[in-house]
There are 2 protein chains.
Amino acid sequence: MPRKPSAADAPLRLDNQICFAVYSAAHAFNRVYKPLLDRLGLTYPQYLVMLVLWERDDVPVKDIGEKLFLDSGTLTPLLKRLEAAHLVKRTRSSEDERQVLIALTPQGHALKDKARSVPQSILAASDCSVSELVAMKDEIVALRDRLNAVIGE
Amino acid sequence: MPRKPSAADAPLRLDNQICFAVYSAAHAFNRVYKPLLDRLGLTYPQYLVMLVLWERDDVPVKDIGEKLFLDSGTLTPLLKRLEAAHLVKRTRSSEDERQVLIALTPQGHALKDKARSVPQSILAASDCSVSELVAMKDEIVALRDRLNAVIGE
DNA sequence: TCACATTTAATTGTTCGCAATTGAATGTGC
DNA sequence: GCACATTCAATTGCGAACAATTAAATGTGA
């Protein structure tokens, strides 16, 4: 027998879940990015790694992982693919042989110029003012940091 | 030679990307959910499918996909795992043999009661008022829908 | 009716994402 | 100096996520 919607079920309703909003928005972003990044020969996570490296080059895997909240199980194969694409070089640090330093190749540096049009296209797809987006971003980052604080206890 | 931060690079800076905020928040949610869902024997995407089915049972794969923005390449193996866990049953529709209908088993129905504590735990981890979360959720959903609108053109 | 397009799941192959483990390098306390 | 713990990247195994293709069922137009 069909049950009428119960108030007790409200917390379990899909449309009431902020996590699903975030989850589905992440996928929507990914789908908007895909055609843009295809032209650069990058996936979205690879693009994030490149953003890190364009800010600061020659960093250990661990640093990239801390900035992107990813571990070596994700980054090691991803970085090997970037190396196979001649965008980065992986070399063991001579000071600390445990570390692997990731450095951009000339092609990796050059790709930055081709990437400059990407944020503009995303902004257009968002159909939203910059100030609104910045405000949303700050709220989402604050929420993320509160969630991450709970994990680390 | 180290370059000083250039204003022209601001759009490419990781911390300025709303997409990264959303992406990393989704992962943070997933990490908070993991221990809660482990007790139910579900992954987060499986939990989303169960949320859909707890609202309405006996639906074709396509309907689940439309609600969750997922395709059969993701859902078919996921639903087979839920079937292997005895939470759902997959049967071809007799009216339209192309469709596979997904129905909850008694265990699948029963799991709903065990899941009721999950949203409360997430709310606590968010460390945020319900009204703030609802406002954020609505903004994120609106953004997601604008992004999805761009894709479908 | 019959050729044709459309719809629906399933399948294949590639790339993430993470838990758990491994192994080498480094740091430490005695 | 030496046992011990810690750090770091790599590896393995599993579960998404999606593009592209396949195959079967259904719908449509002439």
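This structure is a prediction, so every number in the text was calculated from the model and none was measured.
- Using a 4.0 Å heavy-atom cutoff across all strands shown, A/Asn30 reaches no nucleic acid atom at all.
- Between D/dA16 and B/Arg81, a contact under 4.0 Å exists linking OP1 or OP2 to a side-chain N or O.
- Taking atom OH of B/Tyr33 as the reference point, atom P of C/dA19 lies 17 Å away to the nearest angstrom.
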Next on the checklist: Between A/Tyr44 and B/Tyr23, does the ring-ring contact (aromatic ring centres under 6.0 Å, His included) criterion hold? Intermediate values first, please.
Outcome noted: CA-CA 10 Å; A/Tyr44 181 67; B/Tyr23 168 91; 5.4 Å; yes

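- Atoms CG (A/Asp63) and C1' (D/dC8) sit 12 Å apart, rounded to a whole Å.
- Spacing between atom CD of A/Glu97 and atom P of D/dA9 amounts to 13 Å, rounded to whole angstrom units.
- Taking atom NZ of residue B/Lys34 and atom C1' of nucleotide C/dG17, one finds them 11 Å apart after rounding to whole Å.
- Comparing A/Leu70 and B/Pro77 along DNA chain C, the residue whose closest nucleotide (by nearest heavy atom) sits nearer the 5' end is B/Pro77.
- Under a 4.0 Å N-O distance rule, the pair A/Arg13/A/Asp15 does not qualify as a salt bridge.
- Where A/Arg98 and A/Asp71 meet DNA chain C, the nucleotide closest to each residue was compared, and A/Asp71 sits on the side nearer the 5' end.
- More than 12 heavy atoms of other shown residues, nucleotides or ligands fall within 6.0 angstrom of atom NZ in A/Lys137.
- An OP1 or OP2 oxygen of C/dG17 is reached within less than 4.0 angstrom by a side-chain nitrogen or oxygen of B/Tyr23.
- Taking a cutoff of 4.0 Å between a charged side-chain nitrogen and a carboxylate oxygen, B/Lys34 and B/Asp38 qualify as a salt bridge.
- Counting atom types as modelled, B/Ser72 pairs a side-chain N or O with a base atom of C/dA10 as donor and acceptor under 3.5 Å.
- Between B/Pro45 and A/Val61, it is A/Val61 whose nearest contact on DNA chain D lies nearer the 5' terminus.
- Out of D/dA10, C/dT8, C/dA10, the shortest distance to the side chain of A/Lys80 is found at D/dA10.
- At whole-Å resolution of the value, CG in A/Leu78 and P in D/dA10 are 12 Å apart.
- As judged by a 4.0 angstrom heavy-atom cut-off over every strand, B/Leu75 is placed among residues making no nucleic acid contact.
- Of the candidates D/dA16, C/dT15, D/dA10, the closest approach to any side-chain atom of A/Thr43 belongs to C/dT15.
- Along DNA chain D, the nucleotide closest to A/His27 and the one closest to A/Arg92 are compared, and the more 5′ of them pairs with A/Arg92.
- The base of C/dA9 does not come close enough to the side chain of B/Thr76 for any donor and acceptor atom to sit less than 3.5 Å apart.
- Residue A/Lys62 contributes atom NZ, which lies 15 Å from atom C1' of C/dA25 at whole-angstrom precision.
- Rounded to whole Å, the distance from CD on A/Gln99 to C1' on D/dT6 is 14 Å.
- Nearest approach of A/Val32 to A/Ala125, heavy atoms of both residues: CG1-CB, 3.8 Å.
- The CG-P distance, from A/Leu68 to C/dC18, rounds to 11 Å in whole Å.
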